[in-house]
Amino acid sequence: MGKTADTKKATKPRKKEMLGSEAILEALIHEGVDTIFGYPGGAIMPIYDALYNYKDKLRHILVRHEQGATHAAEGYAKMKGHAGVCFATSGPGATNLVTGIADAMLDSIPMVCITGQVADHLLGMDAFQETDVIGVTMPVTKWNFQITNAEEIPQVIAKAFYIANSGKPGPVLIDVTKNAQFQKFKFAPQEYKDLKSYNPFKNGIGTSVEEAAKLINKAKSPMMFVGNGVLISKAEKVVRKFAEKTGIPVASTLHGLSVFPTSHPLYVGMLGMHGNYGPNYLSDEADLVLAVGMRFDDRVTGDVSKFLPNAKIIHVEIDAAEVGKIMKPTVTILSDAKRAMTQLLAKVKEKKHTKWHQKFVDCYDKEFKQVISKETHPKKGEIKMAEVIRRLSEQTKGKAVIVPDVGQHQMMAARYYKFAQTDSFVTSGGLGTMGFSLPAAFGVKTGAPNRTVISISGDGGFQMNIQELGTIAQENADVKIVILNNSFLGMVRQWQGMFFEKRYSFVNLVNPEFTIISKGYGIPAQKVTERKDLDAAIETMLKYKGAYMLEIMVEQEEDVFPMIPTGAAVRDIRLK
């Protein structure tokens, strides 16, 4: 933000004269970038011209819409563990990035967006395709900066990646005026290790680990909540060792899915509005909650005033701004999750909590009888979303990367896919962005080419970025695409049915023939309307070498349960 970059210690590599446009690409290579998602235009054309000579060093993937570039960069970053990169031109190109930038900000995904801008003498003159992208993106970026002089490029690019990747990750935007792209200067790459104005690695452990261990060792009915921070810090193994040593039941947030294998005896399910009955209902009885890398989102807490009424809270969190924002902790460990949990592991006692565990088993049995068995193993009627997810899980043995869009199918995927491997669930959580899945799945596959990647969308969300079928086709990407088609905006329809007397206001969809559109892009497709054809169709899709679309017609008015009504306490969770 602003117009000055922090002073830093510069290394002294050999300088080479080049254009600003070339310097940007050299700086990206220095940061380890090998893939860029983007869309060219007038104000960024000098960078694209320079890119022509970097085809052997940088892979550029032409998306069909700039929003697709951001979601693809998000998916790529989730798999790689460092910032994804996207390019866009000025004006509408830049503003088309905003949804994806906001999505990355709320879900803590590192991303560096580079936009072209009109020449500096035209700034503020309402020139063709000029937009104040710095002002527009300031609220949804960790940092942004406008380069008007090529000599700023090495320092600003280095700073951008340092900020995006460090601490609590997030998106950064760099806006580069056209004159800066054409300007020649002597370039040398720079590196950042610290900034006076930015301290993402706070040493907040100290005696707090001792205090936390004492509370854990005394607890009779503890729970552990695991979130996105566990995956970001690669703390899955130490968290699992900790749970196995202490015997504490583990529940995950939406973004914490796949931290624990679903089959693990200590895993009790997902928290939140459409989570499992046990971890929601029994949180009232917990006397201690160890929250690791999660931020107490409103979809987890329900009515905050009634959440965890009997529990002391230990909050392991890297971002000081999140501590006490929603729930006031008894003990705060301000740290990277892996570092904190490694220290905690050495100080806690071995326990079992057998009777406490049995309560979760009893709750699951109740949920299975009233909800799960009916959804995943229906004996008659139309195909259900839950049974599709169950069959996908069985055929992939829980090892695929599931990339749901937003809506009912997202909650079904979260609830019924049996995760057997970490880093297996990539979705839009905080912003809830429809249209996320298709481009994000492509980004995931680009970042993890050896994993099976399955995009799961509803018929509504799929059409928001349907054009990215073109990107998948052009890149010959082996992305499996599943559309659960109920001809409704399903989640809105469910709420209208439950809370608005079934006044279905503008949620009916008249859809195209998705399979024909897919085939038009050269992607094979199949439509399933009968349960008897489902297993074979899934098998065909998974075995096919390349992109494949499977459209499945599902029950029109299927609802997602359990459900915590908006504003209700988590104990008010409804099974029907």
Side-chain angles (χ1 to χ4, degrees), residues 25 28-29 31-39 51 54 57-88 96-97 99-115 141-142 157 160-161 163-166 169-174 228 231-232 234 255 258 400-405 421-429 431 433 435-455 465 468-481 547:
L25 302 181
L28 293 179
I29 292 168
E31 294 294 337
V33 174
D34 56 16
T35 303
I36 299 161
F37 305 91
Y39 202 99
L51 194 57
Y54 282 78
K57 296 180 180 179
L58 291 168
R59 178 187 181 189
H60 179 277
I61 294 167
L62 178 65
V63 296
R64 296 303 185 266
H65 189 285
E66 291 88 353
Q67 184 183 345
T70 56
H71 295 325
E74 286 183 277
Y76 181 86
K78 288 285 283 186
M79 291 296 103
K80 287 290 192 177
H82 59 75
V85 177
C86 57
F87 284 176
N96 281 343
L97 299 177
T99 296
I101 292 171
D103 192 272
M105 188 68 174
L106 281 171
D107 287 349
S108 303
I109 299 174
M111 181 163 65
V112 174
C113 302
I114 295 177
T115 54
T141 51
K142 278 188 77 176
I157 295 293
F161 278 88
I163 291 174
N165 287 319
S166 60
V172 169
L173 182 135
I174 305 301
N228 194 25
L231 293 165
I232 291 171
K234 305 298 179 187
H255 278 311
S258 82
V401 185
I402 302 301
V403 189
D405 210 75
Q421 190 172 335
T422 59
D423 292 315
S424 293
F425 189 78
V426 177
T427 195
S428 172
L431 198 64
T433 306
F436 173 88
S437 175
L438 193 62
F442 172 74
V444 167
K445 187 65 180 180
T446 305
N450 295 324
R451 294 196 65 182
T452 299
V453 179
I454 305 175
S455 163
N465 273 314
E468 297 309 323
L469 287 171
T471 306
I472 291 170
Q474 183 167 336
E475 294 295 324
N476 195 28
D478 188 5
V479 175
K480 310 308 181 188
I481 303 160

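In this chain, numbering begins with 1 at the start of the sequence shown.
Between P404 and the choices I454, T427, V426, the side chain to side chain contact (heavy atoms under 4.5 Å, CB included) rule is met once, by T427.
With rounding to the nearest 0.5 Å, the separation of CD1 in I109 from CD in E74 is 4.0 Å. Atom CD1 of I61 and atom CZ of F87 lie 12.5 Å apart (nearest 0.5 Å). Between atom NZ of residue K142 and atom OG of residue S108 there is a gap of 8.5 Å, rounded to the nearest 0.5 Å.
Residues L469 and L438 form a side-chain contact, since some pair of their non-hydrogen atoms from C-beta on lies under 4.5 Å apart. Two residues are said to be in side-chain contact when any heavy atoms from C-beta on lie closer than 4.5 Å; V403 and F436 meet this criterion. Between V444 and V453, the closest side-chain pair of non-hydrogen atoms falls below 4.5 Å. Contact annotation: the side chain of K57 never approaches that of L25 to less than 4.5 Å [non-hydrogen atoms, C-beta and beyond].
Residues Q474 and T471 bring no donor and acceptor atom of their side chains to less than 3.5 Å of each other. In summary, the side chains of T422 and S258 do not present any donor paired with an acceptor at a separation below 3.5 Å, with no hydrogens or angles considered. With no hydrogens or angles considered, no side-chain donor-acceptor pair links D103 and H71 at under 3.5 Å.
Checking side-chain atoms of D34 against main-chain N and O of L58 turns up no donor-acceptor pair under 3.5 Å. For E468 (side chain) and H65 (main-chain N/O), a donor-acceptor pair under 3.5 Å exists by modelled atom type.
Residues satisfying the ring pair (Phe, Tyr, Trp, His ring centres under 6.0 Å) criterion with F161, sequence neighbours excluded, are absent altogether. Residues meeting the ring pair (Phe, Tyr, Trp, His ring centres under 6.0 Å) test with F442, sequence neighbours left out: none. Not counting sequence neighbours, the partners of S424 by the side-chain hydrogen bond (donor to acceptor under 3.5 Å, both in side chains) test are R451. Residues passing the side chain to side chain contact (heavy atoms under 4.5 Å, CB included) test with A69, sequence neighbours excluded: F37, V63, C86. Every side chain to side chain contact (heavy atoms under 4.5 Å, CB included) that D478 has, sequence neighbours left out, goes to K445, K480. The side-chain hydrogen bond (donor to acceptor under 3.5 Å, both in side chains) check on T70 picks up nothing, with sequence neighbours excluded. Shown here are the side-chain hydrogen bond (donor to acceptor under 3.5 Å, both in side chains) partners of S166, two or more places apart in sequence or in another chain: Y198. Applying the salt bridge (Lys or Arg N to Asp or Glu O under 4.0 Å) rule to K234 yields the partners D423; only residues at least two apart in sequence or on another chain are considered. Residues passing the side chain to side chain contact (heavy atoms under 4.5 Å, CB included) test with A88 are E66, L97, T115, sequence neighbours excluded. Legend: residues meeting salt bridge (Lys or Arg N to Asp or Glu O under 4.0 Å) with E475, ordered by chain and number and at least two apart, are R59. L62 is linked by a side chain to side chain contact (heavy atoms under 4.5 Å, CB included) to Y39, P40, H60, R64, counting only residues two or more places apart in sequence or in another chain.
Within the structure, the side-chain hydrogen bond (donor to acceptor under 3.5 Å, both in side chains) test picks out the following pairs touching residues 77-86 (sequence neighbours left out): K78-N228.
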*Under the side chain to side chain contact (heavy atoms under 4.5 Å, CB included) criterion, do T35 and Y76 qualify, and how do the steps go?*
CA-CA 9 Å; T35 303; Y76 181 86; 3.6 Å; yes

*Checking side chain to side chain contact (heavy atoms under 4.5 Å, CB included) for the pair E31/V85: CA distance, chi angles, key distance, verdict?*
CA-CA 11 Å; E31 294 294 337; V85 177; over 6 Å; no

*side chain to side chain contact (heavy atoms under 4.5 Å, CB included) between I36 and I114, intermediate numbers included*: CA-CA 10 Å; I36 299 161; I114 295 177; over 6 Å; no

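Pairing each heavy atom of S428 with each of T433, the nearest pair is OG-N, 2.8 Å. Nearest heavy-atom pair across N165 and A83 is OD1-N, 2.8 Å. What you find for A547 and I472 is that their closest heavy atoms are CB-CG2, 3.6 Å. Shortest non-hydrogen contact noted between A164 and V112 is CB-CG2, 4.1 Å. The nearest pair of heavy atoms linking I101 to C113 is CG1-SG, 3.9 Å. The shortest heavy-atom contact between G429 and D107 is N-OD2, 2.9 Å.
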